[in-house]
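One structure is given below, encoded as structure tokens.
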Amino acid sequence: MTSSTAASIIDLNVLLKLRTQLESQTNADVRFDAATRAVYASEASNYRQLPIGVVVPKSIEDIVVAMRLCREANLPLLPRGAGTSMCGQSVNAAVIIDTSKYLNRIIDIDAQRRIARVEPGVICDQLKTAAAQHGLTFGPDPATHSRCTLGGMIGNNSCGAHSVMAGKTVENVERLEILTYDGERFWVGPTDEAQYQEHLAAGGRRAEIVRGLKALADQYGDDIRGGFPSIKRRVSGYNLDQLLPENGFNIARALVGVEGTCVTVLQAETVLVKNPTHRLLVVFGYEDIFLAADSVPQLLPLEPIAMEGLDDGIIGGLLERGMKVDDIAQLPAGNAWLMVEFGATDEADVLAAATRARDIAGLLPGRPSVRLVTDPVLMNRIWTIRETGASATSLGLDPNEPDPTVGWEDAAVEPHLLGQYLREFSRIVASYGYKTNLYGHFGDGCIHSRITFDLKSTQGIETWRAFLDEAAHLVVRYGGSLSGEHGDGQAKGEYLPIMYGETIMQALADFKALWDPLNKMNPGKLIHAMPVDAHLRMGPDYVRKEVSSLFTYDVRLGDKGFARETERCIGMGKCRSPEGGTMCPSFRATREERYSTRGRARLFFELLKGDVIQDDWNNKDIKDSLDLCLGCKGCKSDCPTNVDIARYKAEFLYRHYQQNSRSLMDAMIGRIGEWLPVATKVSPILNYAMGNPLFRTAGAWFGLAPSVKFPRIAGESFRAGKTAKRLLRRPDRASASSVLLWVDSFNNGFTPAVLEAGVEVLEKLGFHVQLMQRHVCCGRPYYDVGMLDQAKANLEAILTQLAQPLSEGIPIVVLEPSCLSVFRDEMPGLFPEDPRARQMTQSLVTLSELIQQQGIELPSIGDDVRIHGHCHQKACGGLGAEQAVLKQLGDKGGLIPAGCCGVAGAYGYHRKSAPIARTIGEQEFKPHLDRLPDDAWVVADGFSCRGQIRNVSGHQPLHLAEYLAKVLR
């Protein structure tokens with residue numbers, strides 16, 4: 001219990017007693033270990049504070065008991081959702097209550113009253129999906145809608161793109177069941193005289209609080225009416241205006257946006273609105289972002305349901321990183337864009353509205369280019385640019401320059417003043433020598449900005465503080481709000497007096513004191529806030545602990561780039577999304593923060609920081625977290641900031657096993673490419689042993705899961721068969737039709753029929769097939785167990801043997817996606833300056849990519865073909881070529897919209913990880929397979945994927961080469 005300033009001064013006996021009481025008196029998961037505190041120490045802001053401990057309640061009663069025990073121990077408490085806050089409100093030196101894992105029930109949806117009753121851990125999209133079954137939706141939808149919780153949204157008064165249609169969270173809350181620090185538990189909402197008397201009749205703290213709120217509204221009513229900005233996006237401060245008689249003395253809505261500083265929400269009744277099932281998007285392209293803002297007043301009368309702007313800083317940053325290139329190409333010409341969405345329940349109505357918007361483009365400032373988007377898939381792709389663009393560009397391309405960061409976020413003004421405000425704001429930014437990206441909810445006048453603040457030097461902090469003061473005065477001069485979406489937390493709390501003045505600040509303080517007189521609920525946030533430059537995650541005291549690496553992450557940093565990589569995660573938490581994409585299967589199976597991409601990234605950051613994670617590369621908690629990482633590389637492609645945990649895992653294990661012994665199983669798995677070709681010669685013996693219960697039971701001592709089915713080793717490898725011998729006998733003459741077929745270890749040793757089919761297809765398509773003279777494994781298993789020295793030597797051997805084919809530019813066809821990722825991803829990092837490595841990445845193709853590149857025509861057939869994409873292929877090239885092949889074959893099937901299958905390399909065979917593999921396979925993967933037609937052909941290029949498909953379904957999958965061989969026969 002060291003290293004947190006606040007926690008370190010707490011008596012150790014108090015903490016031990018609290019932990020014991022929590023474990024004995026609740027059913028909650030109780031976590032006071034260093035690793036848990038490390039992963040909860042940060043959010044999506046600039047701040048870092050180590051919590052005292054974390055409680056993950058399994059019931060509302062667990063929260064009640066935990067609150068009581070914290071009160072008895074006199075310890076502060078912080079209720080937390082998904083931890084994606086940007087202003088410091090979801091980190092603190094307190095006991096954190098995380099409701100996101102278990103308290104995620106939608107208790108009831110009353111479609112007639114349009115009310116949903118939910119627990120605080122319900123995810124925004126989860127509620128939207130359930131409400132859609134009744135023709136309804138929950139209006140607010142922040143960019144984090146796929147993972148943010150209702151409890152967190154209520155705490156922050158979240159908004160999102162569609163607040164133009166439905167307002168902020170405060171307008172979408174009916175009632176709340178709340179719990180105070182001193183144990184008072186009751187429902188609040190709009191309060192008429194009868195309900196007011198009911199509160200008073202309850203007596204005790206409940207009556208005291210409600211009576212005090214009434215007195216506060218009476219005392220400060222005129223000040224609130226005159227001092228609160230009337231704009232739609234006023235999020236700063238507490239919602240004291242909701243206590244006014246004209247607003248129904250609505251105590252629930254007054255508590256929306258308190259950021260955990262007053263109460264804990266136990267249940268919520270939320271308002272649902274009619275779901276505009278038909279939606280169209282009109283995108284305008286402008287010369288600059290100011291003209292886009294000037295257009296807002298003319299477009300608002302057309303009643304859009306969303307209006308989002310973004311500048312060329314976001315788009316240019318994505319293009320520089322090679323991200324969203326195809327999606328960006330669909331935008332109309334311009335240097336800034338306004339995305340205006342229209343919605344209705346009638347298709348004709350929405351088309352008419354969108355057409356009106358498109359047709360007035362010539363009347364808008366700057367006469368923008370325009371595109372009406374009707375394809376729902378393309379609409380979603382364009383929205384994704386907006387939702388992920390800022391996060392994707394948050395790590396600057398120059399590691400020696402300040403990164404764009406969230407040090408001034410989401411101020412809001414009246415929409416008709418937006419263009420004027422942005423011009424003046426941009427002049428201030430430039431006057432400080434900063435650069436910025438501008439984007440946001442233009443229809444509500446709310447602007448987000450990522451600015452290149454220098455927060456790592458004392459002078460940089462002084463400059464930043466001067467800028468914040470000037471920026472705060474500017475937005476107040478425009479009658480706006482310091483926060484229009486993300487709340488105040490610590491980032492804005494210090495500047496609230498500029499916005500509100502002395503009297504209203506006293507009213508805000510009185511409001512908090514009524515609920516939390518001991519100041520134990522998320523202290524130091526929003527009201528009585530800590531200084532804006534306290535507890536910075538990477539402030540002047542931050543030192544990047546450089547370590548040497550075999551990988552090169554940035555040529556400017558050489559072998560010292562690993563520490564910079566640990567700064568890549570900014571905490572937006574897309575890895576916590578329960579559906580969509582590949583990332584992060586281990587989190588989806590466990591719902592544990594430490595097994596998410598973000599959690600692991602935080603552990604690496606803390607490892608190099610070295611104060612809470614103190615045992616360096618020997619740390620068992622980090623090893624445990626990585627043991628359950630599948631190495632699927634889903635984070636490399638799905639994470640907006642391209643965090644690559646699979647590679648960091650190899651880095652860690654490489655160092656960990658320099659000081660520790662590998663298990664026999666890990667050693668065997670790492671070297672499988674060396675022994676598997678020999679094992680085929682004694683396959684009957686080995687296959688019998690792996691199927692023998694006694695042997696499998698004994699294998700558990702070495703880490704083998706006793707219940708899994710080990711794949712049968714082939715009686716004859718591909719390279720020992722007739723086809724390979726025939727190809728190896730003939731001369732390798734280079735010609736326009738020459739290709740080299742990569743013989744991977746798994747298909748060679750387990751399923752040689754796949755390689756046989758590969759040769760058959762290539763030859764029938766007119767190619768002259770070559771093989772390497774000597775078999776060398778790609779080395780993928782080496783990375784999984786941290787054998788980086790062997791992995792690099794292995795690649796050197798491959799490059800040496802392929803010298804001639806590489807010099808001749810012969811296409812190298814790879815059938816196994818995990819090999820593909822070695823050559824396209826790991827190899828450039830290990831051989832960044834080697835021209836042979838660059839040539840190999842250019843020569844590599846999958847079978848479908850070869851067909852597409854060569855313009856080969858395939859027969860159109862009537863089969864229903866469904867392709868499951870391997871995670872590594874999604875991360876290192878995508879499945880566009882597979883879709884093109886499907887189109888040629890008749891376009892009857894499609895890609896299976898599943899994420900990771902749950903088996904990666906040896907993951908499904910380890911005693912520790914096999915249960916997680918089974919959970920992923922059954923809960924995440926199997927439902928997609930069960931929805932397939934019985935007569936569909938299931939195609940999967942990944943060896944492990946095919947095994948998992950057989951494990952969890954009745955389908956018998958084929959490799960694409962096997963299926964095409966059948967077609968071409």
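Quick note: residue numbers are just sequence positions, from 1. Heavy atoms only: backbone and side chains are in, while hydrogens, waters and symmetry mates are out.
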Among all residues two or more places apart in sequence or in another chain, which pass the side chain to side chain contact (heavy atoms under 4.5 Å, CB included) test with [X]?
{"X": "Asp375", "answer": "Val377, Leu378"}
{"X": "Glu246", "answer": "Arg225, Leu244"}
{"X": "Ala472", "answer": "Trp408, Leu482, Tyr495, Ile498"}
{"X": "Ser426", "answer": "Phe290, Leu438"}

For [X], side-chain hydrogen bond (donor to acceptor under 3.5 Å, both in side chains) partners two or more places apart:
{"X": "Asp327", "value": "Arg381"}
{"X": "Arg113", "value": "none"}
{"X": "Lys492", "value": "Asp410"}
{"X": "Ser577", "value": "Ser146"}

Run the salt-bridge test on [X] and [Y] with the 4.0 Å N-O cut-off and return the result as yes or no.
{"X": "Glu485", "Y": "Lys168", "answer": "no"}
{"X": "Glu259", "Y": "Lys525", "answer": "no"}
{"X": "Lys232", "Y": "Asp444", "answer": "yes"}
{"X": "Arg588", "Y": "Glu579", "answer": "no"}
{"X": "Asp294", "Y": "Arg423", "answer": "yes"}

Atom [atom1] in [X], atom [atom2] in [Y]: separation rounded to 0.5 Å?
{"X": "Leu895", "Y": "Leu879", "atom1": "CG", "atom2": "CG", "value": "5.5 Å"}
{"X": "Ile289", "Y": "Trp337", "atom1": "CD1", "atom2": "CH2", "value": "9.0 Å"}
{"X": "Leu508", "Y": "Leu240", "atom1": "CG", "atom2": "CG", "value": "5.0 Å"}
{"X": "Leu310", "Y": "Leu331", "atom1": "CG", "atom2": "CG", "value": "7.5 Å"}
{"X": "Ser163", "Y": "Asp141", "atom1": "OG", "atom2": "CG", "value": "8.0 Å"}
{"X": "Arg576", "Y": "Met583", "atom1": "CZ", "atom2": "CE", "value": "12.0 Å"}

Listed partners of [X] passing ring-ring contact (aromatic ring centres under 6.0 Å, His included), at least two apart:
{"X": "Tyr286", "answer": "none"}
{"X": "His448", "answer": "Tyr439, His441, His486"}
{"X": "Phe228", "answer": "Tyr500"}
{"X": "Tyr421", "answer": "Phe425, Tyr478"}

In terms of side-chain heavy atoms, does [X] have a donor or acceptor partner in [Y] at a distance below 3.5 Å?
{"X": "Arg234", "Y": "Asn239", "result": "yes"}
{"X": "Gln126", "Y": "Asn104", "result": "no"}
{"X": "Asn46", "Y": "Thr405", "result": "yes"}
{"X": "Trp383", "Y": "Glu341", "result": "yes"}
{"X": "Arg175", "Y": "Gln267", "result": "no"}
{"X": "Ser85", "Y": "Asn156", "result": "yes"}

Do other residues, nucleotides or ligands put more than 12 heavy atoms under 6.0 Å from [X] [atom1]?
{"X": "Glu303", "atom1": "CD", "answer": "no"}
{"X": "Glu171", "atom1": "CD", "answer": "yes"}
{"X": "Lys274", "atom1": "NZ", "answer": "no"}
{"X": "Arg477", "atom1": "CZ", "answer": "yes"}
{"X": "Glu347", "atom1": "CD", "answer": "no"}

Within-4.5 Å side-chain heavy-atom neighbours: [X] and [Y]:
{"X": "Ile123", "Y": "Pro578", "answer": "yes"}
{"X": "Thr374", "Y": "Leu281", "answer": "no"}
{"X": "Asp241", "Y": "Asn247", "answer": "yes"}
{"X": "Leu422", "Y": "Leu418", "answer": "yes"}
{"X": "Leu255", "Y": "Tyr238", "answer": "no"}
{"X": "Leu300", "Y": "Met307", "answer": "yes"}
{"X": "Val370", "Y": "Val282", "answer": "yes"}

inquiry  = Checking Thr436 against Arg450 for the side chain to side chain donor-acceptor pair (under 3.5 Å) test, could you report, in this order, the C-alpha distance in whole Å, the side-chain angles of both residues, the deciding distance, and whether it holds?
reply    = CA-CA 5 Å; Thr436 187; Arg450 297 290 169 92; over 6 Å; no
Which heavy atom of [X] sits nearest to which heavy atom of [Y], and what is that distance?
{"X": "Ser369", "Y": "Pro332", "value": "OG-CB, 3.4 Å"}
{"X": "Gly407", "Y": "Leu468", "value": "O-CD2, 3.3 Å"}
{"X": "Asn172", "Y": "Ala166", "value": "ND2-O, 2.9 Å"}
{"X": "Pro142", "Y": "Ser158", "value": "CG-CB, 3.7 Å"}
{"X": "Ala116", "Y": "Leu127", "value": "CB-CD1, 3.7 Å"}
{"X": "Val235", "Y": "Cys159", "value": "CG2-SG, 4.3 Å"}

Full working for side chain to side chain contact (heavy atoms under 4.5 Å, CB included) between Phe138 and Val273 = CA-CA 6 Å; Phe138 183 65; Val273 298; over 6 Å; no
ask   = Can you check whether Ser100's main-chain N or O pairs, donor with acceptor, with Arg591's side chain at less than 3.5 Å?
value =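 Judged by distance alone, yes, a pair lies under 3.5 Å.
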Backbone of Leu291 reached by a side-chain donor or acceptor of Asp288 within 3.5 Å =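 Such a contact is found between Asp288 side chain and Leu291 backbone.
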inquiry  = With side chain to side chain donor-acceptor pair (under 3.5 Å) as the criterion, how do Ser483 and Asp488 come out once you've worked through the C-alpha distance, each side chain's angles and the decisive distance to 0.1 Å?
reply    = CA-CA 6 Å; Ser483 175; Asp488 299 312; 4.6 Å; no
task = Please step through side chain to side chain donor-acceptor pair (under 3.5 Å) for the pair Thr277 and Asn275, ending with a clear verdict.
result = CA-CA 6 Å; Thr277 49; Asn275 186 23; over 6 Å; no
